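What follows is a short report on a single structure.
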Amino acid sequence: MTENNFLNNLNATQQEAVRYNESASLIIAGAGSGKTRVLTYKIAYLLTSGIDPHRILALTFTNKAAKEMKERIAGIVGEKTASQLWMGTFHSIFSRILRQHAECLGFTSQFTIYDSADSKSLLKSFIKTKNLDDKIYKAGNIQSKISILKNHLVSPSSYAQDPECQRNDYLQKMPEFYSIYKQYVERCKQSNAMDFDDLLVNTYLLFSSFPDIRNRYQELFSFILIDEYQDTNYSQHIIVKILSEKHQKVYAVGDDAQSIYSFRGANIDNILTFQKDFPNCKLFKLEQNYRSTKNIVEAANSLIEKNSNRIHKTIFSEKNRGNLLEVISSYSDYDEATSITSKIRQILRNNEYNYSDFAILYRTNSQSRVLEDAFRRNNIPYKIYGGISFYQRKEIKDIIAYCRLSINRNDEEALRRIINYPARGIGETTQNKLFLTAHTLNKSVFEVAENAGEFDIKINNGTQKKLSDFTQTIKDFTSFYKKNDAYASVEKIIKESGIIADISSEDTPENLSKKENVEEFLNMVYEFCDRKANEGEENISLADFLAEVALFTDQDNEKEEERNKVTLMTVHSAKGLEFKNVFIAGLEEQLFPSAMCQTPSELEEERRLLYVAITRAKENCILSYAKSRFRNGQTQFSNPSRFIKDIDPRYLHQQQESNTFYGKESFNAFSGFKPHFSKPESAVTKTYEPNNTGKTTVSFNGSELHIGTKVLHAVFGNGVVVGLEGEGDEQKAKVDFQLKGTKQLLLKYAKLTITG
DNA sequence: TAACAAGACCCCGAG
DNA sequence: GGTCTTGTTA
């Protein structure tokens, strides 16, 4: 493309921001103002004006954002050019650079990326071997402390030199913290492994310690673009500064009003003080919102104005005025969920919307449960985001651990995970001996396990044989992966590691789902190879796959059947998305704003979070709160969120309370119990009915359970109810399982599904 | 060593 | 209430 015709799709400010090329620029892009569009057109503009694609670095926070942007750019300049861009997440781009220069830092290019579970398990092993009190030294706390330090580029040695740090350790009663931090860094290096934070820290170290490498990349990247700048942490900000030193062409796009990730290290000051860091910086403000109605935009503005720490801007919409934001008040979380589903039905009756035009946003994942129940009861299709990621599932992590160890024998966490899985008689005692010996002799655990007989440890011949069988299996995998592609290697590993045999040994529903996941994983390897082959790469090996798999998340691939469904997700995960109808549930004190947020700056972040939530809505926005809520095992009463009062009332329509379906009477009747159970008919009446022993029918999860009901248990499989007894919480069912015989189950706990 | 009971913990979460 | 981890026991 020679003409920049595509620029005609932009408004005046957007065009200006795209065309400007003199110095660094900061583009403050209000919600819905076409941020991604400006970023993609900026890159396309650079490319069409003759800049080499490999001299452009574009950084995002999620794979999804990078992928979408790449696709859009490919649409303008063609796939071939687009694929030559340095475009991806901070972590993937930096890991690519680090693999090139790993030797400089004492790693090999095959280094493993530890995920947070690996780091945590390593830290736990330190706490244990150092005999520290795990009530004081909590692995999770230590992990986040280390992460904060790394985000601020504080190495163990600079930590040691700072008396303030030592003092804090004593105040927190953790004098051993420093030695744990130091040992953690050392052990990662010995294991040829980096955690997620290391991908940033080590990139910084690479550039600060090796001037020729730094120069090379400073020279190479003549243009650096960063999406969502408000989400950058200190280390990312510094690396961007280093990389842009020579050309000074940094394009930072972001919105201070949408900074909601301080809890994971994001520093809003990076964007607020950006102009000081880049003195000739030109500021652009994209203030027209193309997404939402006037009422929604102005309501959001009136809310965010209550924050003091912000870059001033006036977001406006030229869409129609639209409906007022509705406020729904309910008596309990249960009622709230019911109100939301009936409101959805009501909107659907009067308008031509699909289920996919609706989203329910909430502050915490735990709120999804009641909502989910209501959607089921009302037969509304829904999908929930959040929960255990595919890659965190045990069976998947086990397979990946075998892959990791086959490629990097020093990967201690992978070895720890699988040395006795599937069970092969290498128990805790043997493992302790191995680890101790390895660390004393400064050898890898694998090496010690390989020739256990040669070291002065008391491991009997039988166990030695088991150990050498295990290491031999891994060595076989290693030589196999060098000659075969990733798909064949993973297939071999799944079969020969014994994993597939282990999950096939018993036909439980759990195992069935595990098998499906393993199958799914194998498909993903296949697709990975396929995609790489299409991009012109040959001989895609297990190492190639593994280099990327640690950075994968399951946000990326949405399945076809998930399309026309209502979306349930946290406000955080809704960032960047939009829906015609948005419900914001649980707008209560102690929940939104969260009880954890007390300081003014924390409250400002909560307010920004609600701002993000409201600005997801294109046409209708419904705010909802409940007066009581079942939380942490008990009913809690709370007041409406202070943020509702922050919104100018002229944009709000307060619903009459009569809209709740299980009104005040029903609530009061059970207020001594749990309003959670104020379900219609069966549940309440039957559960609290006196003298109902010897019954043949009880209520269960809103349906009836009687003698003869067919049920499915998560562990025991299929069975038939043969007896019922007990009251309330003590209520038990006797179930005859096809495979497991007769069991007594407490209905309160039993994971039963009625199947007939 | 697996199975089960008791105890802890519970905000948001990319890579 | 639910889930995950840890401790205990047969």
Side-chain angles (χ1 to χ4, degrees), chain A residues 59-66 88-95 113-121 124 128 134-135 138-141 144 147 151 194-200 227-228 231-233 236 259-266 333 361-370 373 385-389 391-392 394 420 423-429 547-556 569-576 586 590-597 602 605-606 608-610 612-613 629-636 674 676-677 701 714-715 729 746 748-751:
Chain A
L59 298 168
T60 65
F61 278 84
T62 64
N63 292 315
K64 200 176 159 199
T89 61
F90 278 90
H91 292 86
S92 71
I93 296 288
F94 290 172
S95 78
I113 297 173
Y114 274 178
D115 68 17
S116 21
D118 295 316
S119 321
K120 200 169 180 179
S121 131
K124 271 189 185 160
K128 205 168 176 188
D134 58 9
K135 297 278 184 302
K138 290 181 184 157
N141 284 349
S144 56
S147 177
N151 285 172
M194 300 189 194
D195 65 20
F196 289 130
D197 299 318
D198 288 334
L199 295 176
L200 308 179
D227 192 14
E228 309 275 18
D231 289 342
T232 52
N233 64 30
Q236 288 160 331
S259 164
I260 54 172
Y261 280 112
S262 71
F263 69 90
R264 65 180 193 210
D333 48 355
L361 309 182
Y362 35 80
R363 181 66 179 80
T364 68
N365 275 313
S366 53
Q367 288 167 255
S368 67
R369 188 166 206 91
V370 228
D373 289 345
Y385 288 78
I388 314 162
S389 137
Y391 299 94
Q392 296 300 314
K394 183 184 179 302
N420 198 31
R424 50 173 72 85
I426 304 172
E428 204 187 324
T429 330
E548 295 197 24
V549 77
L551 304 173
F552 287 166
T553 56
D554 40 15
Q555 293 278 313
D556 315 329
M569 55 166 55
T570 63
V571 183
H572 282 91
S573 41
K575 197 171 110 184
Q590 312 295 315
L591 181 61
F592 199 167
S594 155
M596 313 271 206
C597 300
E602 285 170 336
E605 177 148 325
E606 293 287 298
R608 290 194 293 270
L609 192 56
L610 181 57
V612 168
R629 182 172 294 279
F630 200 68
R631 274 220 283 173
N632 296 345
Q634 51 184 323
T635 305
Q636 291 176 355
K674 297 162 180 170
H676 187 59
F677 289 135
N701 282 349
V715 178
D729 279 354
L746 262 182
K748 200 169 101 180
Y749 298 119
K751 292 180 179 107

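The chains referred to below are lettered A, B, ... by the order of the sequence lines, with proteins before strands, and numbering in each begins at 1. Just so we're clear, the structure is a prediction, and the values are computed from it rather than from any experiment.
A:Y261 places its OH atom 6 Å from the C1' atom of B:dG13, with the value rounded to the nearest Å. If you take NZ of A:K135 and C1' of B:dC9, they are 12 Å apart, rounded to a whole angstrom. Between the CG atom of A:D134 and the C1' atom of C:dT6 there is a distance of 9 Å, given to the nearest Å. Straight-line distance from the NZ atom of A:K394 to the C1' atom of C:dC4: 15 Å, rounded to whole Å. Summarising the geometry, the separation between CD on A:E548 and P on B:dA14 is reported as 18 Å, rounded to the nearest angstrom.
A:H572 and A:Y261 have tilted rings, their planes meeting at an angle from 30° to 60° on a 0 to 90° scale. Note on ring orientation: taking the six-membered ring where Trp is involved, the planes of A:F94 and A:F90 are perpendicular (angle over 60°, cut-offs 30° and 60°).
Put simply, A:N365 has no side-chain N or O that comes within less than 4.0 Å of OP1 or OP2 on B:dC11. An OP1 or OP2 oxygen of B:dG13 is reached within less than 4.0 angstrom by no side-chain nitrogen or oxygen of A:K575. Phosphate contact (OP1/OP2 of B:dG13, side-chain N/O of A:T570, threshold under 4.0 Å): present.
Comparing C:dG2, B:dG13, B:dC11 against the side chain of A:H572 picks out B:dG13 as the nearest. Closest approach to the A:M596 side chain among B:dC11, B:dC10, B:dG13 is made by B:dC11 (side chain taken as heavy atoms from C-beta onward).
For A:Q236, the side-chain hydrogen bond (donor to acceptor under 3.5 Å, both in side chains) test picks out no residue, with sequence neighbours left out.
Inspection of the A:D227 and A:T60 side chains reveals no N or O donor paired with an N or O acceptor under 3.5 Å.
Ring-base stacking between A:F61 and B:dA14 is not satisfied when judged by a centre separation under 5.5 Å and a plane angle under 30°.
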